[in-house]
2 protein chains.
Amino acid sequence: MQIGELSNITGVAAHTIRFYEARGLLPKSTRGSNGYRSYDQQSVRLLTIIQCAKRLGFKLENIAEFLGDAITSNADEKLDHDKLLQRLDVRLQEVDTLMATLEAQRSEILTFKQQLKNNLEQGQCLISMEILETA
Amino acid sequence: MQIGELSNITGVAAHTIRFYEARGLLPKSTRGSNGYRSYDQQSVRLLTIIQCAKRLGFKLENIAEFLGDAITSNADEKLDHDKLLQRLDVRLQEVDTLMATLEAQRSEILTFKQQLKNNLEQGQCLISMEILETA
DNA sequence: TATAAGTTTAAAGTATACTTTAAGGTCAAC
DNA sequence: GTTGACCTTAAAGTATACTTTAAACTTATA
């Protein structure tokens with residue numbers, strides 16, 4: 001199939017598919033006699049995997065390595081398995097760190113809102129610089 | 001004081017201070033006879049506020065608007081108050097949305113890890129494409 | 001046959017928050 | 001008077017994941 005059909009099937013824009021190829025997420029595609037890229041079911045599966053990895057929050061760079069491992073899997077498949085688990089754990093760490101940051105922001109925002117409400121109840125409608133500085 | 005001292009006091013790089021001025025987070029600074037920027041305590045306070053707003057996760061663009069409101073506060077100060085609350089609520093929404101995304105990722109990653117472990121226990125050390133596609 | 005739809009490439013643009021670079025002027029101290 | 005620290009500007013670079021643009025070629029349809 002041509003790039004347009006692959007795009008329709010997977011929901012990934014043709015431009016993006018070429019972009020992924022350039023970034024090494026997809027192998028260099030074979031070409032028809034007219035120079036057009038041609039794809040098959042394996043291409044669909046690869047794009048599906050890429051979309052899945054993106055859902056987990058992996059960067060394209062990681063996905064490229066990741067797929068490189070999976071596709072060019074050599075003798076020791078168990079190593080690949082461990083690598084994959086390792087990558088998942090690294091991402092899990094990142095997610096936890098981000099969540100902690102967001103939780104901190106959330107709590108600071110709520111505190112700040114409360115301060116503003118207190119001010120308002122005391123009839124102070126003016127926002128002083130001080131409250132901003134200490135929030 | 002000159003930009004270097006302001007930088008030392010606030011911990012914000014001189015380059016970044018110029019950058020903030022260019023982006024409208026800080027007012028156009030007055031200049032000494034030599035053309036050097038000169039600052040005072042108010043500048044320190046403004047930078048402190050900027051750092052605080054950044055901790056809450058606000059974008060520089062929002063901080064610029066935000067400070068514009070606070071500094072050029074006109075007749076109706078209560079409006080500013082409401083605007084501030086509004087901005088905080090918008091940011092709170094963003095934070096909640098991001099947290100939901102991260103939580104979804106977290107749960108998908110854990111599910112995936114479990115699948116890998118099950119495979120491993122069954123003696124399947126090879127990572128098949130299928131498990132990646134469905135994760 | 002001409003028009004429309006699909007394909008090709010490389011390069012530039014978008015968004016965010018800076019940092020780095022380059023090339024040069026100013027000032028205090030030795 | 002020169003060394004070193006500090007200041008100036010504008011432009012480009014960094015990172016990420018694309019999207020947009022331009023200019024051109026191929027194929028299917030009317």
Side-chain angles (χ1 to χ4, degrees), chain A residues 1-26 28-40 43 46-47 49-67 90-91 94-95 97-98 101-102 105, chain B residues 1-26 28-40 43 46-47 49-67 90-91 94-95 97-98 101-102 105:
Chain A
M1 72 183 86
Q2 292 185 177
I3 201 168
E5 195 178 343
L6 181 60
S7 171
N8 285 336
I9 293 175
T10 59
V12 178
H15 268 300
T16 306
I17 294 174
R18 292 191 200 98
F19 174 75
Y20 285 166
E21 179 182 323
R23 287 301 186 83
L25 278 82
L26 297 173
K28 292 268 176 193
S29 52
T30 56
R31 303 296 180 110
S33 53
N34 51 12
Y36 288 11
R37 288 172 177 79
S38 70
Y39 298 99
D40 56 13
S43 316
L46 278 174
L47 273 176
I49 293 171
I50 290 169
Q51 287 174 300
C52 160
K54 277 175 60 63
R55 269 210 321 282
L56 301 189
F58 284 103
K59 292 180 188 172
L60 296 193
E61 190 186 339
N62 294 137
I63 300 176
E65 296 168 1
F66 178 88
L67 284 180
V90 168
R91 179 60 194 155
E94 288 173 7
V95 169
T97 301
L98 286 171
T101 302
L102 288 176
Q105 289 187 1
Chain B
M1 73 183 87
Q2 294 183 175
I3 200 168
E5 194 177 344
L6 180 61
S7 172
N8 285 337
I9 292 175
T10 59
V12 178
H15 267 301
T16 306
I17 294 173
R18 293 192 200 97
F19 174 74
Y20 284 167
E21 180 181 322
R23 286 301 185 83
L25 278 81
L26 296 174
K28 292 268 178 195
S29 53
T30 56
R31 302 297 180 110
S33 53
N34 51 14
Y36 288 12
R37 288 173 177 80
S38 70
Y39 297 100
D40 56 14
S43 317
L46 278 174
L47 273 176
I49 292 170
I50 290 168
Q51 286 174 302
C52 161
K54 276 174 60 62
R55 267 213 320 282
L56 301 189
F58 284 103
K59 290 180 189 174
L60 294 194
E61 189 186 340
N62 293 137
I63 300 176
E65 296 168 2
F66 177 89
L67 285 180
V90 168
R91 178 60 193 156
E94 287 173 8
V95 169
T97 301
L98 286 172
T101 301
L102 288 176
Q105 289 187 2

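To find a chain, count down the sequence lines: A is the first, B the second, and so on, and within it residues start at 1. Scope of the values below: all heavy atoms of this structure, side chains included, with no hydrogens, waters or symmetry mates.
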Nearest-angstrom distance from the residue atom [atom1] of [X] to [atom2] of [N]:
| X | N | atom1 | atom2 | answer |
| --- | --- | --- | --- | --- |
| Met1(B) | dC6(D) | CE | P | 16 Å |
| Phe19(A) | dT16(D) | CZ | P | 11 Å |
| Asn8(B) | dC6(D) | CG | C1' | 11 Å |
| Lys59(A) | dA17(D) | NZ | C1' | 12 Å |
| Ile50(B) | dA17(C) | CD1 | C1' | 13 Å |
| Phe58(B) | dA17(C) | CZ | C1' | 17 Å |
| Ile17(B) | dT19(C) | CD1 | C1' | 14 Å |
| Ile3(B) | dG25(C) | CD1 | C1' | 16 Å |

Tell me whether the OP1 or OP2 atom of [N] has a side-chain N or O from [X] closer than 4.0 Å.
| X | N | value |
| --- | --- | --- |
| Gln2(A) | dT7(C) | yes |
| Tyr20(A) | dA17(D) | no |
| Arg31(A) | dT9(C) | yes |
| Arg18(A) | dT8(C) | yes |
| Asn34(A) | dT27(D) | yes |
| Lys54(B) | dC18(C) | yes |
| Thr16(A) | dT19(D) | yes |

Residue whose closest nucleotide on DNA chain D lies nearer the 5' end, Glu61(A) versus Gly35(B):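 Closer to the 5' end of DNA chain D: Gly35(B).
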Donor-acceptor contact below 3.5 Å, side chain Gln51(B) vs main chain Gly11(B):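 Flag not set: sc Gln51(B) to bb Gly11(B) has no pair under 3.5 Å.
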Minimum heavy-atom distance Arg91(B)-Leu56(B), with the two atoms named: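 Between these two residues, the closest heavy atoms are NE-O, 3.1 Å.
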Candidates dA17(D), dT21(D), dA17(C) - which lies nearest the side chain of His15(A):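 Closest of the options to the side chain of His15(A): dT21(D).
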Proximity to the side chain of Tyr36(A) - top-ranked nucleotide from dT9(C), dT26(C), dG6(C):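 Closest nucleotide to the Tyr36(A) side chain: dG6(C).
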With Leu25(A), the side chain to side chain contact (heavy atoms under 4.5 Å, CB included) member among Ile17(A), Ile50(A), Leu47(A), Thr16(A):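 When side chain to side chain contact (heavy atoms under 4.5 Å, CB included) is applied between Leu25(A) and each of Ile17(A), Ile50(A), Leu47(A), Thr16(A), only Ile50(A) qualifies.
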Side chain proximity check, Val12(A) to Tyr20(A), heavy atoms < 4.5 angstrom: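 A side-chain contact exists here, since the closest heavy-atom pair is under 4.5 Å.
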Toward the 5' end of DNA chain C, by each residue's nearest nucleotide, Gly4(A) or Ala13(B):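 So the residue in question is Gly4(A).
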NZ/NE/NH1/NH2 to OD/OE distance under 4.0 Å, Arg18(B) and Glu21(B):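 Looking at Arg18(B) and Glu21(B), the cut-off is not met.
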Sugar-phosphate, base or nothing in reach of Arg37(B), heavy atoms under 4.0 Å: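 Arg37(B): backbone/sugar contact only, no base atoms under 4.0 Å.
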